[in-house]
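Chain naming here is simple, since letters A, B, ... match the order of the sequence lines and numbering starts at 1 in each. Values reported hereafter were calculated over all heavy atoms of this structure, with side chains retained and with hydrogens, waters and symmetry mates removed.
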There are 2 protein chains.
Amino acid sequence: MNKLSYGLLSLLSTEPMTGYDLTLKINLFWRSTHSAIYPLLSELEEEGIIELTLIKQNGKPDKKLYHLTKKGEELLYQWVTSETSDAVVRDEMTLKLYCLKCMNMDAADKLLGELETKYKRKVEKYRNAIDKLKSRSEEYSEDIPPSLFGAYILTQKALNEALLGQKWCEWVRDLYAKKDISFLTEDFN
Amino acid sequence: MNKLSYGLLSLLSTEPMTGYDLTLKINLFWRSTHSAIYPLLSELEEEGIIELTLIKQNGKPDKKLYHLTKKGEELLYQWVTSETSDAVVRDEMTLKLYCLKCMNMDAADKLLGELETKYKRKVEKYRNAIDKLKSRSEEYSEDIPPSLFGAYILTQKALNEALLGQKWCEWVRDLYAKKDISFLTEDFN
DNA sequence: TATGACATGTAACATGTTACATGATTCT
DNA sequence: AGAATCATGTAACATGTTACATGTCATA
C-alpha cells in the first residue's frame, strides 16, 4: 500500500469509478498517470480491497467499474487516522525563480509572464470547477452535499492559492523594478 | 540533466557550496536527499559543468566545495529561458482531506488539528528565515541584496501560503460544523 | 482527414527513498 | 552516555515517466 493506493481508495469512497476516471480525478490533487494506476488497481483487487463490475461496451474496451469492499473501507479509515507525511513538492518554476537575480530583464520578464499565465489559467479552471460543483448541489436543493464536500474544499484551496500567486507575482515585479540598476551593474561585473 | 541537476546549478549560482549545504538548502524549495545529490554532483563535475575545491578538515571527511564553470553558467541560462514544466505535487494530507466527509467528527477534528499545527510551524520557520535574511542585508546597509533576492521572494511566497492555509483551515472548520447533523445521519445509514 | 476523448494495458528506463557505512565533535 | 551536526558515499529497492500497443466514435 503506497500513498497513491490510498488516494485511489479516497476517490472510490465517494462513488464507483473506472481507472480512466480515477486517472483524471486524482490529477486535480496528486500527480500521476494511467500507467501507474492500472497495475495498482489490479493489485488492490487481488487483495480484496476493491472489487470490480464489468460493463460491456461496443468499440471501446470493457469498463471496469471499481468500488470499495468492507476491507477497503477499514483500510481507508486506518490510514486517515494515522500520521500524515510531509508533502512532496517539486516545482521547476521555483528553482528558476531562485535565479531571477542572475537573469537579465528580458528573461526575468518572460519568466514572470509565464508564471502569471499559469496562475490565470488555474484561476479560471478552479472557478469553473466550483461553479460546476455548486450547480450540481442545486439539483438536490441543498448547499454542497457531503459527497462533494472534499472536492469542494480542496478546489477552493487551490483557487485561493492561485489568486495568492497572482498577487505575489505583482509584488515581485514591483520589487524587481526597484532594483533595476543594482541588477544591471551586477550583470557587468 | 534532470530537473534536480538544474536546481543544484541554481543554488550554486549564488555561492560555492558543498553537497551537504546543497542538500539542506534545496529542501526549502525542492524535496530531495543527499543520496540523490552526491552522485549527480559527481556527474556534473565529470562533464565540466561544475568544478570542486578540496578543503581539508580533521576528523570529518574533506569538504568538496563546488562552483559553476562557464559551461555551467551557459547551461543554467538556457534552462531558465526554456519552457517550464508543471509542478509535481504529492501531498498525502490533500488525499485525506478529500475523505473528510466520510470521517467521524473526532477523526476530522484530529486531521484538521494536525494540518493547523503544520501550518503554524511553517509560519514560524519562514518568519525566522525572513528575519535572518533581513539581518544579513543590514550588515551591508542595503535592503535585500541581489544574491539573496531569490531566497527572499521564495521564502515570502512560502510564508504567504502557510498563512493562507491557516485561514483555510478555519473556513473548513466552520463549514464542517454547520454540516454536523447531515454528516452524522450519513454515518448511520 | 486529423485530432482528441474514451478505455485498458505492458515494458523499458529514469528517478527517488531507505538503509547501510564511517567517524569526529558538540550539545543535552 | 546518547543524540545531533557535520560530511561523504554506495546498494537495494520502490516508484514514476515515457513510449509502445490497440481500436472506436465524435468533433473540427
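Map B:Tyr66 and B:Val88 each onto its nearest nucleotide of DNA chain D; the residue landing nearer the 5' end is B:Tyr66. Mapping B:Arg90 and B:Gly19 onto DNA chain D by nearest heavy atom places B:Gly19 closer to the 5' end of the strand.
At whole-Å resolution of the value, CG in B:Asp62 and P in D:dT8 are 9 Å apart. The nearest whole Å value for the distance from the CD atom in A:Glu46 to the C1' atom in C:dG9 is 15 Å. In this structure, CG of A:Leu65 is placed 10 Å from P of C:dA7, rounded to the nearest angstrom. Atom pair A:Asn2:CG and C:dG16:P shows a separation of 16 Å (rounding to whole Å applied). Distance, B:Leu54 CG to D:dG9 C1': 14 Å, rounded to whole Å. A:Met17 has its CE atom 12 Å from the P atom of C:dT8, to the nearest Å. Computed from coordinates, the B:Asp86 CG to D:dT17 P distance equals 12 Å when rounded to whole Å. Rounded to whole Å, atom P of D:dG23 lies 19 Å from atom NZ of A:Lys56.
Listed in residue order, the members of residues 21-40 of chain A having a heavy atom less than 4.0 Å from DNA chain D are A:Arg31, A:Thr33, A:Ser35, A:Ala36.
Using a 4.0 Å cut-off between a side-chain N of Lys or Arg and a carboxylate O of Asp or Glu, B:Lys70 and B:Glu51 do not qualify as a salt bridge.
Among B:Lys71, B:Glu45, B:His67, B:Glu43, the single residue meeting the side-chain contact (heavy atoms from CB on, under 4.5 Å) criterion with B:Ile50 is B:Glu45. Of the candidates B:Arg31, B:Arg121, B:Arg90, B:Lys118, A:Asp86 forms a salt bridge (charged side-chain N to carboxylate O under 4.0 Å, His left out) with just one, namely B:Lys118.
Considering every non-hydrogen atom in both A:Asp62 and A:Gln57, the closest pair reads OD1-N, 3.6 Å. Heavy atoms only, all atoms of each residue included: A:Thr23 and A:Thr33 are closest at CG2-C, 4.1 Å.
Taking the six-membered ring where tryptophan is involved, the planes of A:Tyr152 and B:Trp171 are tilted, since the angle between them lies from 30° to 60°.
In this structure, the side chains of B:Met103 and A:Tyr77 stay at 4.5 Å or more apart for every pair of heavy atoms. Using a 4.5 Å heavy-atom cutoff, the side chains of B:Thr14 and A:Lys101 are in contact.
For the helix from C:dT1-D:dA28 to C:dT28-D:dA1, the terminal axes (five pairs an end, C1' atoms, rotation from four pairs onto the next four) enclose an angle of 50°, given to 10 degrees.
Contacts of A:Thr18 with the nucleic acid, taken as non-hydrogen atoms under 4.0 Å apart, involve only primed sugar atoms and P, OP1 or OP2.
Phosphate contact (OP1/OP2 of D:dC6, side-chain N/O of B:Tyr20, threshold under 4.0 Å): present. Not one side-chain nitrogen or oxygen of B:Gln57 sits closer than 4.0 Å to the OP1 or OP2 atom of C:dA24. At the phosphate of D:dT15, neither OP1 nor OP2 sits under 4.0 Å from any side-chain N or O atom of A:Lys3.
B:Glu74 CD to B:Ile49 CD1: the interatomic distance, rounded to the nearest 0.5 Å, is 11.0 Å.
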